[in-house]
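What you see is a predicted model, and the numbers here were worked out from it, not measured in a lab.
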Amino acid sequence: GKSSAKQPPTNSVFTMASANYVEKEHKPVDGGHREMWQKVNAAVTEANAGPSSTSLPLAPVPEIDISCFVLPEQASEADRKMVIEQVLVASQAQGFMNIVGHGVPQALVDRLLCALATFFESPVELKQRCVAKSMNGTQRGYTAFRVENHNAVLGRPGPPDRRETYTFGPAEHLDGSAFGENTYPDFVERFQQCIDEYYAEVERLEKVMLEIFTLALAKATGNSLDPQYLLHQIRPNRG
């Protein structure tokens, strides 16, 4: 998981990205992915040349209640089939969906956002004590402004990212030690507890979503797939 803040103002967001790239360490994309990145860069160039996103109408993003998969004992097969159809349609149309009924406690999300806001608003010298260290291919902890450079990663010119981030993964008691250790600030109350509880919740949710996407893929292709097919194929995102 990664939380980031842009300047100004301080802002916290969550993404599934786990890699942290530094411009001076950037290496050219290997040939196997070069064509893909070229298409990405072409699409970005085309989008930048078009109208500003603020001048375009908001795209409709469907809201999908997945509680029948979170609490299957309280749902019918018809409920599950309806969700599979909704996810399939959203995936083939907009490519986005708003998931509700996921079971992640709102109180936990609120506590986490409060802890992250406190962290990012702390003095730089305190945050620097949590600088991410590269371990086992992962980096956990704080990354300062203009250290990451996604333009360089995509092989195109451009400035470093104007954001700071805090990256975290599974805690040691969740079998996360093989992927590196989290770097927790000792100056934010209950920070570690919030991070570890939140990660456990979203990892549970990840498995639910992979099951739903597997069933949607089976419906789209007409193939019979084990409900855990995608989970077995890609493994949990524990970087």
Side-chain angles (χ1 to χ4, degrees), residues 1-29 33 102 104-155 158-207 209 234-239:
K2 176 175 289 189
S3 167
S4 66
K6 297 182 179 181
Q7 182 186 30
T10 299
N11 182 35
S12 298
V13 298
F14 296 100
T15 75
M16 291 303 294
S18 61
N20 177 26
Y21 300 98
V22 180
E23 183 175 14
K24 64 182 180 181
E25 297 177 353
H26 170 67
K27 297 179 181 179
V29 179
H33 294 86
H102 44 67
V104 180
Q106 185 60 46
L108 173 59
V109 175
D110 293 341
R111 290 199 305 272
L112 179 65
L113 290 174
C114 182
L116 287 169
T118 301
F119 174 81
F120 283 120
E121 291 167 3
S122 298
V124 173
E125 55 269 20
L126 287 180
K127 291 183 287 189
Q128 290 287 355
R129 284 160 41 184
C130 302
V131 167
K133 299 177 177 62
S134 180
M135 297 161 51
N136 301 323
T138 68
Q139 288 186 307
R140 306 276 183 83
Y142 175 67
T143 302
F145 286 103
R146 300 183 181 278
V147 171
E148 293 183 319
N149 190 329
H150 284 79
N151 285 313
V153 172
L154 294 174
D161 301 345
R162 294 189 60 199
R163 66 173 185 173
E164 56 182 345
T165 67
Y166 175 83
T167 308
F168 57 94
E172 186 172 354
H173 71 274
L174 297 175
D175 298 324
S177 58
F179 303 88
E181 297 179 2
N182 288 330
T183 304
Y184 303 104
D186 57 8
F187 51 88
V188 181
E189 185 178 1
R190 300 180 66 189
F191 190 94
Q192 179 175 348
Q193 180 182 353
C194 289
I195 289 292
D196 291 350
E197 289 182 7
Y198 178 78
Y199 193 96
E201 284 289 332
V202 294
E203 187 166 60
R204 170 194 58 77
L205 177 58
E206 177 189 26
K207 295 175 182 177
M209 291 305 302
I234 69 175
R235 309 287 180 150
N237 182 10
R238 312 202 82 200

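Judged as a ring pair (Phe, Tyr, Trp, His ring centres under 6.0 Å), and not counting sequence neighbours, Tyr184 has no contacts. Taking Gln106 as the reference, Asp110 meet the side chain to side chain donor-acceptor pair (under 3.5 Å) condition, with sequence neighbours excluded. For the side chain to side chain contact (heavy atoms under 4.5 Å, CB included) test, residues two or more places apart in sequence or in another chain that qualify with Val202 are Tyr198.
Rounded to the nearest 0.5 angstrom, Arg190 CZ and Leu112 CG are separated by 11.5 Å. Between the CZ atom of Arg163 and the CZ atom of Phe120 there is a distance of 9.5 Å, given to the nearest 0.5 Å. Taking NE2 from His102 and CD from Glu206, the interatomic distance works out to 15.0 Å, rounded to the nearest 0.5 Å.
Between the Asn182 side chain and the Gly169 main chain, a donor and an acceptor come within less than 3.5 Å of each other. At least one donor-acceptor pair under 3.5 Å links the side chain of Thr183 to the backbone N or O of Arg140.
Counting only heavy atoms from C-beta outward, the side chains of Phe191 and Leu116 approach each other to under 4.5 Å.
Using the six-membered ring where Trp is involved, Phe187 and Phe119 have ring planes that are parallel, under 30° apart on the 30 and 60° scheme.
With Arg111 as reference, Glu197 is the one residue of Glu197, Glu201, Glu189 to meet the salt bridge (Lys or Arg N to Asp or Glu O under 4.0 Å) rule.
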